[in-house]
Amino acid sequence: QVQLVESGGGLVQAGGSLRLSCAAFGGTFGSYRMGWFRQAPGKEREFVAAINWNGSRTFRADSVKGRFTISRDNAKNTVYLQMDNLKPEDTAVYYCAAGLGAGIFLRPSDFSSWGQGTQVTVSS
């Protein structure tokens with residue numbers, strides 16, 4: 001089972017940018033489809049973006065389209081989430097997730113491995 005470690009979170013003003021990274025260890029990274037989710041206090045974990053095994057397909061939640069970009073570098077065993085034009089409502093703990101198999105999946109239950117999360121706080 002692959003292990004995931006997120007980094008890159010922090011405090012940023014509205015309109016700013018952050019780039020989250022998720023490094024994978026202990027598995028064949030190219031076998032995994034990857035996803036980013038977030039969870040704000042008092043709310044359920046929600047889908048943000050997903051990418052298939054080789055990066056040829058991506059999908060983003062409507063709330064982040066045009067602002068967030070998911071990408072991956074299989075040579076570095078890393079998936080990224082570039083977040084631009086951040087809004088206060090983007091404040092949450094962001095989690096990286098991995099699942100075996102082809103395609104794009106959007107539900108937390110579709111992913112078998114999770115990172116510990118990284119906090120993103122956007123001030124107004």
Mind listing the closest non-hydrogen atom pair of [X] and [Y] along with its distance?
X	Y	value
Val2	Gly27	CG2-N, 4.3 Å
Ser71	Val79	O-CG2, 3.1 Å
Val93	Gly117	CG1-CA, 3.8 Å
Ala14	Ser124	CB-CA, 4.4 Å
Gly55	Arg72	N-CD, 3.8 Å
Ala92	Ala40	CB-N, 3.9 Å

Check: Does CD in Glu89 sit with more than 12 non-hydrogen atoms of other residues, nucleotides or ligands closer than 6.0 Å?
Finding: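 Yes - once you tally the heavy atoms of other residues, nucleotides and ligands closer than 6.0 Å, there are more than 12.
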
Given 3.5 Å as the limit, does a donor-acceptor pair link the side chain of [X] with the main chain of [Y], or not?
X	Y	value
Asn52	Arg57	yes
Asn74	Trp53	yes
Thr91	Thr121	no

What distance separates [X] [atom1] from [Y] [atom2], expressed to the nearest 0.5 Å?
X	Y	atom1	atom2	answer
Ile104	Ile51	CD1	CD1	7.0 Å
Gln116	Gln3	CD	CD	11.0 Å
Asn85	Arg67	CG	CZ	6.0 Å
Cys22	Asn77	SG	CG	10.5 Å
Tyr95	Leu20	OH	CG	13.0 Å
Leu100	Phe111	CG	CZ	11.0 Å

Distance to the ring centre below 6.0 angstrom and angle to the axis at most 45 degrees; does that hold for [X] and [Y]?
X	Y	value
Arg38	Phe47	no
Arg19	Tyr80	yes
Lys65	Phe59	yes

Sub-4.5 Å side-chain heavy-atom contact between [X] and [Y]:
X	Y	answer
Met34	Cys96	yes
Phe29	Lys76	no
Ser17	Met83	no

Check: With a 6.0 Å cut-off on ring centres, are Phe37 and Trp114 close enough?
Finding: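 Judged by ring-centre distance (under 6.0 Å), Phe37 and Trp114 do meet the cut-off.
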
Item checked: Audit row: Leu81, Phe68, side chain to side chain contact (heavy atoms under 4.5 Å, CB included) steps and yes/no -> CA-CA 7 Å; Leu81 186 68; Phe68 291 10; 4.2 Å; yes

Next item on the list: Given side chain to side chain contact (heavy atoms under 4.5 Å, CB included), test Arg33 with Asp110 step by step and report yes or no.
Entry: CA-CA 10 Å; Arg33 48 183 171 77; Asp110 293 323; 4.2 Å; yes

Notebook entry, point to check: Can Ser113 and Gln1 be counted as having a side-chain donor-acceptor contact under 3.5 angstrom?
Noted result: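 Yes.
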
Item checked: Co-membership, hydrophobic cluster, residues Trp36 and Val12, 4.5 Å side-chain ->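 Yes, one cluster joins them.
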
